[in-house]
Visitor: 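This is the structure, below, for whatever I ask next.
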Amino acid sequence: MISFPRAALADNSAEIAQLRSMVLQLQAQVKDLQKNQRTPRSPLRHQPRAEQNPTSHYASGQQASGTAGTRLARSPSMPSQQTEELAGPIRINNQPVEPFSADPAPTAMAQDTPSVKNINLSSSSPTALTQTEVDSLPPIFKIGSVSVKLGGFVDMSNIYRDKNLTAGPATPWGAFPYSGNPNAHASEYRPTAQLSRFSLLIEGRPARGVTVEAYVESDFGGSGSNSNAVQTNSYVPRMRQAYLAADDRDLGLHFLAGQAWSLTTGYTSTLLRRHEQLPPVVDSNLIPGVTFTRVPQVRFIKDFHRKWWLGLSVETPQATLGFDDSTLDSGGNIPPAMGQTSGPHVIYNSTGTGMLDPEAHYSLDAAPDIVLKTAVDTSAGHYELYGLARWFRTIVVNGGGSGGLGGQAHSRVAFGGGVGGSMAVPLLSGKMQLVGDVLAGRGIGRYGPSQLPDMTFRSTGAPAPLHEIIGSLGLIGHPTDNLLLYSYGGVEAAHRTVYEGANGNYYGYGSPNARLSGCSLMMGVCNAQTQSLISYTMGGWWHLLDGHYGSVMAGLQYTYVRKFAFRGVNDTGTTTRPTVNGNTVFVTFRYYPFQN
């Protein structure tokens, strides 16, 4: 063990105390220099470079070696004219000494905060309203080179309908009751926070010009077995979108796999995800006449100089049925055709098992829905044209005993689909936009918000896709930077498809001899089937507040719907056609905590 004389140790302690005193005096001088920096200086006086950033450059002493340790060669009392020699932090034993205290940095030197784009209402489909605008937000954190962004809003909507639908914030537009239904004589007020939405965007860049991402979007539009409006209103989260995507900008290739808006949906520009041309409405079921689904799919996009676009999407199918006999269940007999004594057994759907909803029915799909779309972006707007291919299937059992026992089963497949297009045209130097979309074909009902059926049955039990059309036209204006106004008109319609039965009645969808007296008779039985719906929607959004605390918006939406049934007959044999109109109003408040 090495020992030191006590005298040497005492000498060291005294020198350390002296050094501490010197440091405190130097720190006081630094504080004076900082204050002088914030005071106006005469432009004629030369300022030494060291004074331009006194918080970073301190006086440095000349080191002198000795048995007692390191000493500062300059006196603690340094004249002001020598401050230009300050060249670095104070050191003791070659270790920097942190300042005892420091004044706050000047405002001009405050650390930079990431700038966040304010909510932009100049688009015909603002992503803050129709999506979550997560793309414009800065990363919340990073995992290596992968950035993580959060988006979304808290929504409180007050819903009023002049007829009781007992519906949440997704209005079933085709369900407005006729006058014979007691619900047609009661209004409905339903406040809800179910539209509150949150999103997560994870982005990585494995190579130059290449981007990969994962996107998840959720709201509270689901309902569990114990969801109710009595005490806790415990509605459950649901998946709106969840997909992975990849882009190669140099090759102009884009890929998507997962649940997203269908490629049949119109776009504001490009054909890329989160650029969909969605009406800026509150209702989760949008408005009648707008073409859309949101389903699992695999999509390939090729851009040509980011002006011309070509896309192919393979999407999850599902078929809806319309038939005059409302008592028919999958596996039952349909009414026999003229000249036959019995109709075939038809199986057209099955209940869900595994992770599918056991209370829902799923169609017997033969193939996925396929969408092929082309688009162009010009100074005069964005234009799209696409084709849709669909297949429908039933299983028909002929012969055998009761319930088809011992008969023969045959798979019957029918082809459907259609042709559609959309546009987004700027007007008045971008102060207004004209938007529209249309889809016409056979078996396209599921692509409209009113959910007209896709198909009915032929007399053989084979699928019979319905001829249908879906279309809308809208005008969106931006009177001020914080105000958006919109107006839409829409239509959805289906044609009659029937066969003549052995009893002389017609069966299928839209039977001309359907008994419709009960539609206007209180508590009567109404067998009316919807031929068409027309709608008119108007509304607006007001950006109330915006700052580092987030953004607050208020919205108002009014929708008028008129529903027309196919013509039938009343009890006297006179032709009749039931109609009904419905009115819906949304008053909404939203808080965007990430837009700050």
Side-chain angles (χ1 to χ4, degrees), residues 256-265 291-300 311-323 325 328-334 337 343-358 360-373 386-400 404 407-420 439-448 451-470 494-495 497-499 507-509:
L256 181 146
Q259 178 158 308
W261 295 94
S262 167
L263 193 58
T264 60
T265 309
T291 302
F292 84 95
T293 59
R294 201 170 54 242
V295 295
Q297 60 194 270
V298 177
R299 181 190 304 178
F300 302 90
L312 174 67
S313 185
V314 180
E315 304 183 356
T316 299
Q318 189 67 201
T320 56
L321 175 73
F323 194 70
D325 187 356
L328 178 68
D329 292 325
S330 181
N333 289 76
I334 64 172
H345 297 270
V346 181
I347 301 169
Y348 55 90
N349 64 33
S350 300
T351 55
T353 59
M355 294 183 71
L356 297 181
D357 186 353
H361 298 280
Y362 297 83
S363 58
L364 309 178
D365 304 307
D369 290 0
I370 297 178
V371 185
L372 180 63
K373 175 181 277 192
Y386 64 90
L388 168 66
R390 307 195 67 198
W391 289 265
F392 305 93
R393 178 167 62 184
T394 61
I395 298 176
V396 179
V397 180
N398 291 308
Q408 293 182 337
H410 303 275
S411 177
R412 305 297 186 193
V413 178
F415 177 78
V419 176
L439 174 60
R442 299 171 62 240
I444 59 172
R446 76 176 292 219
Y447 286 87
Q451 289 295 285
L452 296 177
D454 293 312
M455 70 175 196
T456 187
F457 296 129
R458 303 187 188 279
S459 61
T460 59
L466 302 175
H467 290 271
E468 295 167 314
I469 186 170
I470 304 168
H495 290 277
T497 300
V498 296
Y499 69 88
Y507 297 95
Y509 189 72

Visitor: Identify the two heavy atoms, one from E468 and one from A494, that lie closest to each other, and give their separation to 0.1 Å.
Guide: CG-CB, 3.7 Å
Visitor: In Å, rounded to the nearest 0.5 Å, how long is the span from OG1 of T394 to NE2 of H345?
Guide: 13.5 Å
Visitor: About how many Å separate OH of Y509 and CZ of F457, when rounded to the nearest 0.5 Å?
Guide: 14.0 Å
Visitor: Return yes if some donor-acceptor pair links the side-chain N/O of T497 with the main-chain N/O of L466 below 3.5 Å, else return no.
Guide: no
Visitor: Could you check F300 against V314 for side chain to side chain contact (heavy atoms under 4.5 Å, CB included), going step by step and ending with a plain yes or no?
Guide: CA-CA 9 Å; F300 302 90; V314 180; 5.9 Å; no
Visitor: With rounding to the nearest 0.5 Å, note down the distance linking CD1 in I370 to CH2 in W391.
Guide: 4.0 Å
Visitor: How close do P453 and G322 get, heavy atom to heavy atom, and via which atoms?
Guide: CB-N, 3.4 Å
Visitor: Between F415 and V413, does a side chain to side chain contact (heavy atoms under 4.5 Å, CB included) hold up when you go through it step by step?
Guide: CA-CA 7 Å; F415 177 78; V413 178; over 6 Å; no
Visitor: Is there a side chain to side chain contact (heavy atoms under 4.5 Å, CB included) between T460 and R412? Walk through the geometry before answering.
Guide: CA-CA 9 Å; T460 59; R412 305 297 186 193; 5.8 Å; no
Visitor: Could you tell me whether the side chain of R458 and the main chain of Y499 form a donor-acceptor pair under 3.5 Å?
Guide: no
Visitor: Of all the heavy-atom pairs spanning A409 and V397, show the shortest one and how long it is.
Guide: CB-CG2, 4.1 Å
Visitor: Which of these passes side-chain hydrogen bond (donor to acceptor under 3.5 Å, both in side chains) with Y447: T264, D369, T265, T293?
Guide: D369
Visitor: If I compare all heavy atoms of I469 with all of A440, which pair ends up nearest, and what's the gap?
Guide: CG1-CB, 4.1 Å
Visitor: Output yes when a side-chain donor or acceptor of N398 lies under 3.5 Å from a complementary backbone atom of P344, and no otherwise.
Guide: no
Visitor: Is the backbone N or O of S313 less than 3.5 Å from a side-chain atom of E315, with the two atoms forming a donor-acceptor pair by type?
Guide: no
Visitor: Quick check on side-chain hydrogen bond (donor to acceptor under 3.5 Å, both in side chains): which of R390, Q318, R446 does D454 satisfy it with?
Guide: R390
Visitor: So do the side chains of Y507 and T456 get within less than 4.5 Å of each other, counting heavy atoms only?
Guide: no
Visitor: What is the minimum heavy-atom distance between G418 and I444, and which atoms define it?
Guide: N-CG2, 4.4 Å
Visitor: Can you name the closest pair of heavy atoms from P465 and G443 and give their distance?
Guide: CB-N, 3.9 Å
Visitor: CG of L321 to OH of Y348: how many Å apart, nearest 0.5 Å?
Guide: 5.5 Å
Visitor: Using 0.5 Å steps for rounding, measure from the NE2 atom of H361 to the OG1 atom of T351.
Guide: 7.0 Å
Visitor: Could you measure the distance from the OG atom of S350 to the CG atom of L356? Nearest 0.5 Å is fine.
Guide: 10.5 Å
